[in-house]
Amino acid sequence: MHIQNQENSWGTKMKKIFEIISDKNHEQVVYCNDPSSGLKAIIAIHNTILGPSLGGCRMYPYKSEDDALVDVLRLSRGMTYKAAISNLNLGGGKAVIIGDPNKDKSEVLLRSFGKFVDSLGGKYITAEDVGMSVHDMEFIRMETSHVTGVKRAMGGSGDPSILTALGVFVGMKAALKKRLNINSINGLKIGIQGFGKVGYYLCGHLKDAGAEIFGYDIDQERLDTVIKEFGVKPVENDELISMDLDVFSPCALGAILNPESIEKLKCSVIAGAANNQLEDEERDSKLLQKREIMYVPDFVINAGGLINVANELQGYDKEKAKYQVEGIYYILTRIFDYALTNKISTLEAAKLLAERRIEEYYHWNKK
């Protein structure tokens, strides 16, 4: 009887997992378990019509496996849109390792993950993400060639966050031009939430452009660094969200925009590096549209990192990668124009244009 109940429980759980996976049309989800190294990971491959899936590996102490699954499915789907709208011949994939990167990470764990990546035969190519570093990618590369974001000395492109920040900067400029008809950032008030690598490098661009930077980070050391180096004016998180800003730039974790926080906003533009900034994409993008706050779709504006590591696949050229990232300005201009013409949100416009490219390629390739 106990065995039967256990089987029924497993059956119910598996049915639920398949329902979650099917909901967003994922091609493949791989659970990676290696007790000897302590590895518990999930690799999600959303779509490979345009090419192999490429997306970073995130290490995070998720409260549950279900939370990890939901996160990796959302992130991998976002990578499909990101690659498509950026005109890359790549699909969308992502991986998460369940664990505290400050306590649980080790060489054997990373190499074990590399073996799982290698077993997919190139269908998924991994890279750096939250909780991971360029150095970690080197351990993974010991077990698989399907990895990007390694040091330049090893033929890679190095830290992708440098060009991610450049993409966010040019994305801000495109949005300000369209929303306020402003060509210069000089003297504008920019609020940044989160000073990780991307937020840090973004500060450099904004300071050079003459912006007045306000910011918050839960990590006081990071906050002290940007205060000292870039003159960032510190404010509490709630105050930052409700400040009278030209641009609010979420650069930490996602799901921070919801009906409650949107009601508090006094900015003209939202342009940040964080993934999945909207708690509910359809609901919250329409709320922002109604309030005439221009939302720059995160999977477009933060595509610089993907563009950077994608260049490794054909031999890395720094200037070529930089040129392609600067092209985010023109990609966003097209999205803004399409949204205005069709009276839809910028998020819906970006998705429709990305989906059109995938669909057109699929039908063309079938001929």
Side-chain angles (χ1 to χ4, degrees), residues 14 16-32 41-60 62 65-98 113 116-130 132 144 146-149 160 253-255 274-278 280-282 285 297-303 305-307 309-310 313 347-363 365-366:
M14 289 307 297
K16 179 184 175 184
I17 290 172
F18 274 107
E19 286 175 354
I20 294 171
I21 293 170
S22 299
D23 183 52
K24 302 300 181 184
N25 298 316
H26 281 73
E27 293 179 8
Q28 186 176 3
V29 176
V30 180
Y31 280 75
C32 312
I42 308 173
I43 299 172
I45 298 171
H46 179 255
N47 188 293
T48 57
I49 289 174
L50 293 174
S53 63
L54 193 159
C57 174
R58 171 174 295 188
M59 188 168 185
Y60 188 78
Y62 294 97
E65 293 172 13
D66 287 346
D67 287 350
L69 176 62
V70 170
D71 199 31
V72 76
L73 292 179
R74 290 184 69 190
L75 291 167
S76 57
R77 180 168 170 260
M79 293 304 294
T80 294
Y81 286 117
K82 187 180 297 189
I85 200 68
S86 302
N87 300 316
L88 298 172
N89 293 326
L90 293 168
K94 206 79 174 183
V96 295
I97 297 175
I98 302 171
F113 174 72
F116 279 104
V117 171
D118 199 60
S119 71
L120 295 171
K123 193 174 182 182
Y124 168 66
I125 303 166
T126 197
E128 177 191 359
D129 202 335
V130 175
M132 302 289 276
T144 182
H146 307 302
V147 57
T148 58
L253 296 178
N275 287 308
N276 303 316
Q277 295 168 28
L278 304 178
D280 183 293
E281 291 184 347
E282 184 176 358
S285 61
D298 51 68
F299 64 84
V300 185
I301 196 171
N302 68 13
L306 176 64
I307 293 169
V309 296
L313 303 177
L347 179 65
E348 187 178 356
K351 286 186 174 182
L352 286 172
L353 289 171
E355 289 167 357
R356 178 190 293 177
R357 180 173 179 239
I358 294 171
E359 186 176 350
E360 288 177 349
Y361 181 82
Y362 175 78
H363 289 296
N365 204 39
K366 284 289 183 180

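Numbers here are sequence positions counted from 1.
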Report, one line per pair, each donor and acceptor closer than 3.5 Å where one atom sits in a side chain of residues 78-85; sequence neighbours left out.
unit_1 : atom_1 : unit_2 : atom_2 : d
Thr80  : OG1    : His46  : ND1    : 2.7
Thr80  : OG1    : Gly92  : N      : 3.4
Tyr81  : OH     : Glu355 : OE2    : 2.7
Lys82  : NZ     : Asn302 : OD1    : 2.8

For [X], side-chain hydrogen bond (donor to acceptor under 3.5 Å, both in side chains) partners two or more places apart:
X: Asp280; result: none
X: Glu348; result: none
X: Ser53; result: none
X: Glu128; result: Lys197

So, using side-chain contact (heavy atoms from CB on, under 4.5 Å) as the criterion, who are the partners of [X] when residues are at least two apart?
X: Ala310; result: Leu88, Leu90
X: Asn89; result: Arg357
X: Tyr62; result: Arg58, Tyr60, Asp67, Ala68, Asp71, Val96, Ile98
X: Glu359; result: His363

(request) Provide the full list of salt bridge (Lys or Arg N to Asp or Glu O under 4.0 Å) pairs with a residue in residues 41-54, sequence neighbours left out, each pair given once. (result) none
(request) Hey, could you give me each pair passing salt bridge (Lys or Arg N to Asp or Glu O under 4.0 Å) that has a residue in residues 85-94? Not counting sequence neighbours. (result)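 As it turns out, the salt bridge (Lys or Arg N to Asp or Glu O under 4.0 Å) pairs with a partner in residues 85-94, which skip direct neighbours, are Lys94-Asp129.
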(request) Verify, without hydrogens or angle tests, whether His26 (side chain) and Leu73 (backbone) share a donor-acceptor contact under 3.5 angstrom. (result)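 Such a contact is found between His26 side chain and Leu73 backbone.
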Is there a side-chain contact between [X] and [Y] (heavy atoms, below 4.5 Å)?
X: Lys123; Y: Ile45; value: yes
X: Leu313; Y: Ile125; value: yes
X: Thr148; Y: Leu54; value: yes

(request) List in chain and number order the residues that pass ring-ring contact (aromatic ring centres under 6.0 Å, His included) with Tyr31, two or more places apart in sequence or in another chain; answer none if no residue qualifies. (result) none
(message) For a side-chain contact (heavy atoms from CB on, under 4.5 Å) check, start with the C-alpha distance between Leu347 and Phe299, then their side-chain angles and the critical distance, and finish with the verdict.
(response) CA-CA 9 Å; Leu347 179 65; Phe299 64 84; 3.7 Å; yes
